[in-house]
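Written below as structure tokens is the structure these notes are about.
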Amino acid sequence: MLPANCGLLLADHGTGQAETLLMRLIRGTGVSGAAGMQSQRRFGLGEMFRPFLDLTRRQLEQAAQELKLSWVEDPSNQNSDYTRNFIRQQVAPLIESRWAGWDKNIAKGSARFAEADELLKELADADILKLVESQKLDLTAFAQLSLARRKNVIYRWLGKYLQMVPSSDLVEQLASLALDAKGEWLVSSITLHA
């Protein structure tokens, strides 16, 4: 954990962002996961920065060579049992042979997903203001939202307000529950009532 007013700089780059997006899509991620790594975010009491996300690995390597910098490769990067390394060693060269600059384009896609994620969060926050009072979700009003919007509210409420990362199965269950709901249910520290 970083102390207050401290920053952590990471050397993640655009090619790594593209690899992250591919990995997450293979796992079935949603919009938030497809947004990839953030260029800046809170980390403990400090901040974490990734200033090179707009540069590809090739660009960073070229700059390091021109500046006569040396770097250390993590030996685990050679182990293709790790999904990222498999993508880097096996999948990325194949994609590059067909679509030069694929990594920069996919990293741009992550930026578009990040914008969509921000809009979804804003919509969920507006819905939550109307639906939640004293840690209780009004299921009658909730049930009148579309299924996609109910899921969006659940992901945001559990993530932001309760610091939970819910499974998609739990979100589906809670989003569907509202349609026939009568009474009260306790999910973690959340009370749902109709």
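We use all heavy atoms of the structure for the numbers below, so side chains are in, but hydrogens, waters and symmetry mates are not.
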*asked:* Could you see if W102 belongs to whatever hydrophobic cluster contains F86? Use Ile, Leu, Val, Met, Phe, Trp, Tyr and a side-chain cutoff under 4.5 Å.
replied: yes

*Criterion side chain to side chain donor-acceptor pair (under 3.5 Å) against D103, the qualifying member of H13, K108, R58, R57*: R58

*Supply the atom-to-atom distance L9 CG to E47 CD, rounded to the nearest 0.5 angstrom.*
11.5 Å

*asked:* Do W99 and L25 sit in one hydrophobic cluster, given that two such residues count as connected whenever their side-chain heavy atoms are within less than 4.5 Å of each other, even indirectly?
replied: yes

*Can you name the nearest heavy-atom pair linking A107 to G14, along with the distance?*
CB-O, 3.7 Å

_Nearest heavy atoms of P93 and Q89, plus distance in Å_ = CG-O, 3.3 Å

*Drop me the distance from L22's CG to R27's CZ, to the nearest 0.5 angstrom.*
11.5 Å

_Candidate list I128, D125, L158, V171, test side chain to side chain contact (heavy atoms under 4.5 Å, CB included), partner V153, passing option_ = I128

*Apply salt bridge (charged side-chain N to carboxylate O under 4.0 Å, His left out) to the pair K121 and E118, showing each step before the final yes or no.*
CA-CA 5 Å; K121 287 175 181 172; E118 190 61 34; 5.0 Å; no

*Kindly check if the number of other-residue, nucleotide or ligand heavy atoms within 6.0 Å of CG (D54) is above 12?*
no

_Would you say CZ of R42 has more than 12 non-hydrogen atoms from neighbouring residues, nucleotides or ligands within 6.0 angstrom?_
yes

*Just by modelled atom types, is the A34 backbone N or O under 3.5 Å from a matching donor or acceptor in the S110 side chain?*
yes

*asked:* Between I95 and M23, is there shared hydrophobic-cluster membership here, with clusters defined by ILVMFWY side-chain heavy atoms closer than 4.5 Å?
replied: yes

*Write down the atom of V31, the atom of F113, and the distance for their closest heavy-atom approach.*
CG1-O, 3.5 Å

*Heavy-atom donor-acceptor pair, Q38 side chain to A114 backbone, under 3.5 Å*: no

*Distance (rounded to the nearest 0.5 Å) between I154 CD1 and L170 CG*: 7.5 Å

*May I ask whether I26 and I106 are part of the same hydrophobic cluster, defined by side-chain heavy atoms of I, L, V, M, F, W, Y residues being less than 4.5 angstrom apart, directly or through others?*
yes

*Does the side chain of L147 come within less than 4.5 Å of K151's, by heavy atoms?*
yes

*Please report the C-alpha distance between S168 and Y155 in whole Å, then the side-chain angles of each, then the deciding distance to 0.1 Å, and finally whether the side chain to side chain contact (heavy atoms under 4.5 Å, CB included) criterion is met.*
CA-CA 9 Å; S168 56; Y155 274 116; 3.5 Å; yes

*asked:* For the OG atom of S146 and the CG atom of N152, what is their distance to the nearest 0.5 Å?
replied: 9.0 Å

*Check: L145 main-chain N/O paired with R150 side-chain donor or acceptor under 3.5 Å*: yes

*When clusters are formed by joining ILVMFWY residues with side-chain heavy atoms under 4.5 Å apart, either directly or through shared neighbours, do L21 and M37 land in the same one?*
no

*Spell out, as yes or no, whether a donor-acceptor pair under 3.5 Å connects the side chain of N85 to the backbone of N79.*
yes

_Nearest-0.5 Å distance, CG of residue D12 to CD of residue E19_ = 10.0 Å

*Can you name the nearest heavy-atom pair linking W71 to A64, along with the distance?*
CZ3-CB, 3.6 Å

_Between CD1 on residue I87 and OG1 on residue T15, distance to nearest 0.5 Å_ = 13.0 Å

*Consider only side-chain N and O atoms of R84 and T20, and report whether a donor and an acceptor are under 3.5 Å apart.*
yes

_Steps toward salt bridge (charged side-chain N to carboxylate O under 4.0 Å, His left out) verdict (R156, D127)_ = CA-CA 10 Å; R156 182 67 169 163; D127 285 340; over 6 Å; no

